[in-house]
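Everything on this sheet refers to the single structure shown next.
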Amino acid sequence: MAVRLYDSLTREVRELKPAHKDGVFRFYNCGPTVYAPAHIGNFRTFTVNDVLRRLLDREFGASNVKHVRNITDVDDRTITQAKKEGKPLAEIAKFWTDKFHADCEALNCLKPTVEPTATGHIKEQVDMIEVLMQKGNAYRSADGSVYFKITSFPGYGALSRIKERELKVTNSAFDADHKDDIGDFALWKAYKPEDDGIVQWDGPKGASSGRPGWHIECSAMIKKHLGETIDLHTGGVDLLFPHHENEIAQSQCCNGTSFSLQWYHSEHLLVEGTTMSKSKGNYYTLDSLVQKGYSAIAVRYALLAGHPRKQLNFTLDSLHAADSALKTLRDFRAKLVTAIKEAAAPATSSRFDAAIAPLCDDLNIPGALGKLFTEVNNPLPTDQGVLKADLKSFDEVLHLIGLKLDEVKAKIPAEISHLAQKRWDAKAAKNFALADTLRAELTKAGWAMLDRKDGYSLEALKQ
RNA sequence: GGCGCGGUAGCCAAGUGGUAAGGCCGAGCUCUGCAAAAGCUCUAUGCGUCGGUUCAAUUCCGACCCGCGCCUCCA
């Protein structure tokens, strides 16, 4: 089934296919800046891209999808953080990169094919800057920095529809820098001892030592790992301008070819109706939600429960809804498995296949979940072959959305187990007054005791 | 000011020129020492407002109202 996706550049939904003759789909997703934990707004973009990746793997074969996602390990924020903690930049970057990886794994995101770092590609960036300087697209400023000259690229603004004269003139970045034009942006930032500490590299010919600008890292890593022309470039909407606009300018001027054939931007996750951001302090991290008793997969579900191109307001209620919905899916799958008793050849199609079409149609994940639940609510078939096909298709849909159903059991403290056993014994002895008192104690301690005929289980109550 | 996204039930959220998927919450019933779980049933004559086109509009067009985002290093 062809995978169709909205293209931010042409503003239409287009079928994705590899442009290169080798049949490899080249896909780049702008990755995190590693100076603090990524918040779940960041992870909305990464989980959406993960679903896309899974669809591409299915469509083209996993070995024909090259998915590159970078790590930004040098920029203003990483340097500031390193200075604040009095640690080397590399140490800060490694710490937060490891944390990012752990969170991605918990959220069941596939690893990208390649995950390059900005500091690992200084030479590639310098090389591109030198070409841009030679071609007259970039210039050295008085302090030894290098800027891209946007008037040298007639196509500038095609993606964001922004015109040079529309740029605000009041921005502080303009005053602090040494560029000729408000729209010009830094390719290389000259070393400043007071800001940069010990972070610096040899610069492009004719420029001072220093560090690369933000935008050039993606252009350089794309060129190295995916080539001059790629099939798809993605990120959050906030990257559309200036980051992606600038990448286009740099790469096309340097390489003289088309850069990305398609663009995709996922919308923001909001919290309390406004953008989540580290500067506002109104953000949730994965850890903070896990501490409240929610599973990482419930977080993933909540992040994917809205259409990726629409803003999604994240609330603890929505997370609770996600948690309950996952339980329904888990129970349904168990019922399905139990119903399969005989060896039989699976039927060729299943009612759950209906959930795949919305996914392929511009990543309509909520639409797919709707189809999925519609079928979950229907009675189980009796035919063994049909049941087998249903299980297979159900699992495929869940795999594409990336919802792992294995329940992560909370660790039960010894005193809670002890209380529970006491209550069970009291109940068996028909001492209901004591049993009720003990249940109240368990509830107070944050645990629900669920009785069955043959025993009981304990569940942590959500905070 | 420029560019962009959106307003569908208590909450979240799909969708279509022909009369509103789904999730959560809630309610009722069955079951049950209690509490759950499970099963069954119910929950928008309505899709921001006002016009227009049409046999027919939540869907197309126009105007307006409201919310959010980006506008030089935010996913």
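When reading the values below, keep in mind they use all heavy atoms of this one structure, side chains included, and skip hydrogens, waters and symmetry mates. To find a chain, count down the sequence lines: A is the first, B the second, and so on, and within it residues start at 1.
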Atom CD1 of A:I365 and atom C1' of B:G22: how far apart are they, to the nearest Å? 15 Å
Do A:R300 and A:D50 meet the salt-bridge criterion of a basic N to acidic O distance under 4.0 Å? yes
Would you mind reading off the distance between A:Y35 atom OH and B:A75 atom P, rounded to a whole angstrom? 7 Å
Contact class for A:P242 (heavy atom, under 4.0 Å): base, sugar-phosphate, or nothing? sugar-phosphate
Regarding A:G235, tell me which of base, sugar-phosphate or nothing describes its non-hydrogen contacts under 4.0 Å with the strands shown. sugar-phosphate
Considering only atom C1', compute the distance from B:G52 to B:C40 and round it to an integer number of Å. 47 Å
Evaluate the ring pair (Phe, Tyr, Trp, His ring centres under 6.0 Å) criterion for residues A:H225 and A:H121: first the C-alpha distance (whole Å), next the side-chain angles of each, then the deciding distance (0.1 Å), finally the verdict. CA-CA 11 Å; A:H225 296 285; A:H121 295 73; 5.0 Å; yes
May I have the distance from A:D238 (atom CG) to B:U72 (atom P), rounded to whole angstrom? 13 Å
Can you tell me the distance, in whole Å, between the CD atom of A:E217 and the P atom of B:C74? 12 Å
Answer with base, sugar-phosphate or nothing: what part of the nucleic acid does A:S160 contact at a heavy-atom distance below 4.0 Å? sugar-phosphate
Salt-bridge criterion met for A:D181 and A:K149 (N-O under 4.0 Å): no
Describe, in one word, how the ring planes of A:F241 and A:Y156 are oriented to each other, choosing from parallel (under 30°), tilted (30 to 60°) and perpendicular (over 60°). perpendicular
Name the nucleic acid region contacted by A:T72, choosing base, sugar-phosphate or nothing; use a 4.0 angstrom heavy-atom cut-off, strictly under. nothing
How does RNA chain B look in dot-bracket notation if pairs are Watson-Crick or G-U with both distances under 3.5 Å, crossing ones as [ ], other-strand ones as |? (((((((..(((.....[...))).(((((.......))))).....(((((..]....))))))))))))....
Test item: A:N70 side-chain N/O and A:P116 main-chain N/O as donor-acceptor pair under 3.5 Å: no
So A:L240, base contact, sugar-phosphate only, or nothing? Heavy-atom distance under 4.0 Å. nothing
Hydrogens and angles aside, do A:H265 and A:S8 bring a side-chain donor and acceptor to less than 3.5 Å of each other? yes
Look at the side chain of A:K179 and decide which nucleotide, out of B:U72, B:C71, B:A75, has an atom nearest to it. B:U72
Which residue, A:D75 or A:H307, contacts RNA chain B at a nucleotide closer to its 5' end, judged by nearest heavy atom? A:H307
In whole Å, measure the gap between the P atoms of B:C24 and B:A75 for me. 33 Å
A:H399 and A:R54: which non-hydrogen atoms are nearest, and at how many Å? O-NH1, 2.7 Å
Establish, with yes or no, whether the OP1 or OP2 oxygen of B:G15 is under 4.0 angstrom from a side-chain nitrogen or oxygen of A:N364. yes
Using the P atom as the reference point in each nucleotide, state the distance between B:C11 and B:G7 in Å, no decimals. 15 Å
With under 30° as parallel and over 60° as perpendicular, where do the rings of A:F46 and A:F43 fit, or are they tilted in between? perpendicular
Kindly indicate whether the side chain of A:H268 and the base of B:A75 share any N or O donor-acceptor pair separated by less than 3.5 Å? yes
Parallel, tilted or perpendicular: ring planes of A:H215 versus A:F185, cut at 30 and 60 degrees: perpendicular
Using a strict 4.0 Å threshold on nitrogen-to-oxygen distance, state whether A:R351 and A:E375 make a salt bridge. yes
Does A:R77 have a side-chain nitrogen or oxygen under 4.0 Å from the phosphate oxygens OP1 or OP2 of B:C74? yes
OP1 or OP2 of B:G4 versus the side-chain N and O atoms of A:R11: is any pair under 4.0 Å? yes
So what does A:D323 hit on the nucleic acid, given a heavy-atom distance under 4.0 Å: a base, only sugar-phosphate, or nothing? nothing
Got a sec: does the CD of A:E105 have more than 12 other heavy atoms crowding it under 6.0 Å? no
Looking only at side-chain N and O atoms, does A:K310 come under 4.0 Å of OP1 or OP2 in B:G7? yes
Specify whether A:Y301 and A:F373 have parallel, tilted or perpendicular ring planes, treating 30° as the upper limit for parallel and 60° as the lower limit for perpendicular. perpendicular
Using a 4.0 Å cut-off on protein heavy atoms (strictly under), produce a 5'-to-3' string for nucleotides 23-31 of chain B with B for base contact, S for backbone-only sugar-phosphate contact, and - for none. SSS------
Say you pick atom C1' in B:A21 and the same atom in B:U43; how far apart are they, in whole Å? 16 Å
How would you label the contact of A:G370 with the nucleic acid (heavy atoms, under 4.0 Å): base, sugar-phosphate, or nothing? base
Would you say the side-chain atoms of A:T10 and A:D7 include a donor-acceptor pair closer than 3.5 Å? yes
Per-nt protein contacts along nucleotides 32-39 of chain B (heavy atom under 4.0 Å; B base, S backbone sugar-phosphate only, - none) come out as -BBBB-SS
May I have the distance from A:L269 (atom CG) to B:A13 (atom P), rounded to whole angstrom? 10 Å
